[in-house]
**Q** 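Sharing a structure, written as structure tokens. Questions coming.
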2 protein chains.
Amino acid sequence: MVPTLGTGRERKLGLRERKKIQTRQAIRHAAYRLFAEQGYDATPVDQIAEAAEVSPSTVFRYFPTKEDIVLTDEYDPVIEEALRARPVDEHPVESIRQVLIASLRDLVLHQDDSIVLRTRLIRDVPAIRGRMAETQAESNRVIRSVLAERTGKPADDLELRVITSALLAALHETVMYWVDTGQAGDLEALLDTTLDVLARGLTLPPRPPTDDTPAGPRP
Amino acid sequence: MVPTLGTGRERKLGLRERKKIQTRQAIRHAAYRLFAEQGYDATPVDQIAEAAEVSPSTVFRYFPTKEDIVLTDEYDPVIEEALRARPVDEHPVESIRQVLIASLRDLVLHQDDSIVLRTRLIRDVPAIRGRMAETQAESNRVIRSVLAERTGKPADDLELRVITSALLAALHETVMYWVDTGQAGDLEALLDTTLDVLARGLTLPPRPPTDDTPAGPRP
DNA sequence: GCAGAATTTGAGAGTTACTGTCATTTGACG
DNA sequence: CGTCAAATGACAGTAACTCTCAAATTCTGC
């Protein structure tokens with residue numbers, strides 16, 4: 001099969017492709033609705049299929065596992081690109097900080113609240129939480145490869161592995177904290193705190209907030 | 001295989017309790033052997049039950065999920081106790097370092113190679129890897145509570161959560177690295193490297209080891 | 001437009017990890 | 001020995017997948 005090269009963008013999606021995207025979204029929307037209504041475990045795939053008006057086979061064709069209906073994250077390429085755009089000699093923690101804050105603002109701008117739904121499911125459903133480890137491992141790999149490129153170190157270098165895994169775990173924990181506290185605080189400020197702790201070498205703050213600085217997040 | 005009965009401290013346990021321990025081990029040993037022989041996914045629980053000479057019901061009574069046959073770690077209480085024994089004002093990263101190195105030496109002393117088998121399964125089987133996240137979350141909670149006690153901070157404090165999750169993720173990554181490289185290097189030295197990276201704020205080493213400058217503290 | 005190729009879909013049967021129930025067995029103990 | 005509680009096994013049932021194959025749908029060359 002020889003696709004016509006360089007004929008514009010993917011503006012001209014065939015009917016087939018469009019239907020696929022449509023089906024995918026139908027399944028996901030149906031699933032999210034049912035999960036919210038009756039819970040994840042209490043919602044069989046058959047029911048999702050029925051609600052999305054497809055056969056159960058089709059659901060599994062689009063999402064290899066039920067968990068994948070919730071956990072399909074397409075942020076990795078975005079993060080990767082943004083990360084590559086940072087100055088080469090910048091401290092990794094600082095680079096991540098900038099990239100995350102930027103994409104976070106983007107999300108807020110687009111009123112995308114699916115993160116909250118997703119994060120709640122990740123927190124509450126063990127199966128999803130487990131599968132989350134997989135996607136996090138993937139992000140890990142992506143970020144590590146960027147850091148490897150710019151430091152000249154091999155991608156399987158222990159120190160790189162440690163840096164990225166610790167970083168990602170800490171960030172994940174921060175979002176969890178945010179959701180745990182009802183998304184009350186300012187996520188940006190929380191991320192700042194987290195990255196500071198990391199940059200500080202996992203120590204507690206050098207001085208306790210005994211003065212009248214009203215900086216702390218108040219849930 | 002003839003089990004040696006009633007030796008050592010098991011004397012005080014009733015026959016019932018001893019049989020329970022025996023059954024538990026029989027299941028686990030059968031499972032490990034079959035997993036090694038034919039792979040995890042290719043080994044149904046029924047087969048494990050048969051090999052262990054118990055009914056499938058019994059297997060599920062001892063291990064709620066198939067993954068739990070692999071992932072039952074009873075190290076948490078040990079770690080917790082050892083951690084509490086450290087000086088209160090010690091840097092958390094340093095406390096962990098000491099505790100881990102001690103228990104590591106203990107493992108090597110007892111010729112316990114189940115860690116390697118386990119870690120390989122964790123690396124290679126997605127289902128187990130996923131469930132691993134759960135047990136790690138549990139360890140997370142335990143360690144966090146110890147740190148909370150000695151710092152006076154609430155257990156759900158963001159900074160504590162960040163410290164423990166980053167720490168555990170980094171340690172897990174280190175063991176993975178060790179297994180990836182065929183358990184060739186010295187695990188203690190690897191742990192040192194890792195904890196140094198954390199204490200250093202996730203930076204790369206200040207200067208590459210090109211000259212003969214006497215390095216920092218090397219025990 | 002149309003025939004045929006390629007792809008997607010649905011239906012159904014099969015496997016496996018679990019869950020719940022209940023009768024039987026087995027160790028604990030006076 | 002007899003009784004009681006705990007452990008076990010047999011069985012039925014559910015739900016998440018997997019595989020296979022035929023029917024429906026879209027694409028392609030003419």
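Convention: sequence-line order gives letters A, B, ...; per-chain numbering from 1.
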**Q** Closer than 3.5 angstrom, by distance alone: can the side chain of T135(B) be matched with the main-chain N or O of R131(B) as a donor-acceptor pair?
**A**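 Not confirmed, T135(B) side chain does not pair with R131(B) backbone.
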**Q** Would you tell me if any nitrogen or oxygen in the side chain of K20(A) comes within less than 4.0 Å of OP1 or OP2 on dT8(C)?
**A**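 K20(A) to dT8(C) OP1/OP2: side-chain N or O found under 4.0 Å.
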**Q** dG10(C) C1' sits how many Å from E50(A) CD, rounded?
**A**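 It is 14 Å, rounded to the nearest whole Å.
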**Q** Of F60(B) and V54(A), whose nearest nucleotide on DNA chain C comes first from the 5' end?
**A**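 With F60(B) and V54(A) compared, the 5'-side residue is V54(A).
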**Q** On DNA chain C, check which nucleotide each of P64(B) and R61(A) is closest to and give me the residue with the more 5' one.
**A**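 Between the two, 5'-proximity favours R61(A).
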**Q** Going by atom types alone, do D196(B) and T193(B) pair a side-chain donor with an acceptor below 3.5 Å?
**A**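 T193(B) and D196(B) do not have a side-chain donor-acceptor pair below 3.5 Å.
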**Q** If you only use heavy atoms from C-beta on, which nucleotide in dG10(C), dA10(D), dC17(D) is closest to the side chain of S57(A)?
**A**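 Ranking dG10(C), dA10(D), dC17(D) by closest atom to the S57(A) side chain puts dG10(C) first.
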**Q** Quick check on dG9(D): is either OP1 or OP2 less than 4.0 Å from any side-chain nitrogen or oxygen of T58(B)?
**A**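 Yes, T58(B) has a side-chain N/O under 4.0 Å of OP1/OP2 on dG9(D).
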**Q** Taking the basic N atoms (NZ, or NE/NH1/NH2) and the acidic carboxylate oxygens, is any pair closer than 4.0 Å for R141(B) and E138(B)?
**A**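 A salt bridge is present here (some side-chain N lies under 4.0 Å from a carboxylate O).
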**Q** Which residues in residues 30-48 of chain A have a heavy atom closer than 4.0 Å to any atom of DNA chain C?
**A**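 Of all residues in residues 30-48 of chain A, none places a heavy atom under 4.0 Å from DNA chain C.
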**Q** Please name the pair of heavy atoms, one in A148(A) and one in L160(A), separated by the smallest distance, quoted to 0.1 Å.
**A**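 Distance-wise, the nearest heavy atoms are CA-CD1, 3.5 Å.
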**Q** Nearest-Å distance, CD1 (I27(A)) to P (dA16(D))?
**A**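 Taking CD1 of I27(A) and P of dA16(D), I get 14 Å after rounding.
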**Q** Would you say dA11(C) has OP1 or OP2 under 4.0 Å from some side-chain N or O of S55(A)?
**A**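 The answer is no; no side-chain N or O of S55(A) sits under 4.0 Å from OP1 or OP2.
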**Q** Do we see a donor-acceptor contact under 3.5 Å between the side chains of S103(B) and D106(B)?
**A**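 No, no side-chain donor-acceptor pair sits under 3.5 Å.
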**Q** Polar pairs (N or O, both sides) under 3.5 Å between protein and nucleotides 26-30 of chain C?
**A**
| from | atom 1 | to | atom 2 | distance (Å) |
| --- | --- | --- | --- | --- |
| dT26(C) | O2 | R16(B) | NH2 | 3.4 |
| dG27(C) | OP1 | K19(B) | NZ | 2.8 |
| dG27(C) | O3' | R16(B) | N | 3.3 |
| dG27(C) | N3 | R16(B) | NH2 | 3.3 |
| dA28(C) | OP1 | L15(B) | N | 2.8 |
| dA28(C) | OP1 | R16(B) | N | 3.2 |

**Q** Have a look at P56(B) and say if it touches a base, only the backbone sugar-phosphate, or nothing, with a 4.0 Å heavy-atom cut-off.
**A**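 No contact at all - P56(B) keeps every heavy atom at 4.0 Å or more from the nucleic acid.
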**Q** Please determine which of L171(B), T181(B), I122(B) meets the side chain to side chain contact (heavy atoms under 4.5 Å, CB included) test together with M176(B).
**A**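 Testing M176(B) for a side chain to side chain contact (heavy atoms under 4.5 Å, CB included) against L171(B), T181(B), I122(B) leaves exactly one candidate, I122(B).
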**Q** For Y62(B), which contact category applies under a 4.0 Å heavy-atom criterion: base, sugar-phosphate, or nothing?
**A**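 Counting heavy atoms under 4.0 Å across all strands, the contact made by Y62(B) is with sugar-phosphate only.
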**Q** If I take atom CZ in residue R24(B) and atom P in nucleotide dT8(D), what distance separates them, rounded to the nearest angstrom?
**A**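 Rounded to the whole Å, the gap is 12 Å.
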**Q** Taking atom C1' of dA6(D) as reference, at what distance in whole Å does atom CZ of R18(B) sit?
**A**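 Going from CZ in R18(B) over to C1' in dA6(D) covers 16 Å.
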**Q** Using a strict 4.0 Å threshold on nitrogen-to-oxygen distance, state whether R144(A) and E173(B) make a salt bridge.
**A**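 Yes.
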**Q** Please check if the side chain of K66(A) supplies one atom and the backbone of Y40(A) the other of a donor-acceptor pair under 3.5 Å.
**A**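 The answer is yes, because a donor-acceptor pair under 3.5 Å joins these two groups.
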**Q** Which atom pair, heavy atoms only, marks the closest approach of M132(A) to L71(A)?
**A**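 Of all heavy-atom pairs spanning M132(A) and L71(A), the closest is N-CD1, 3.5 Å.
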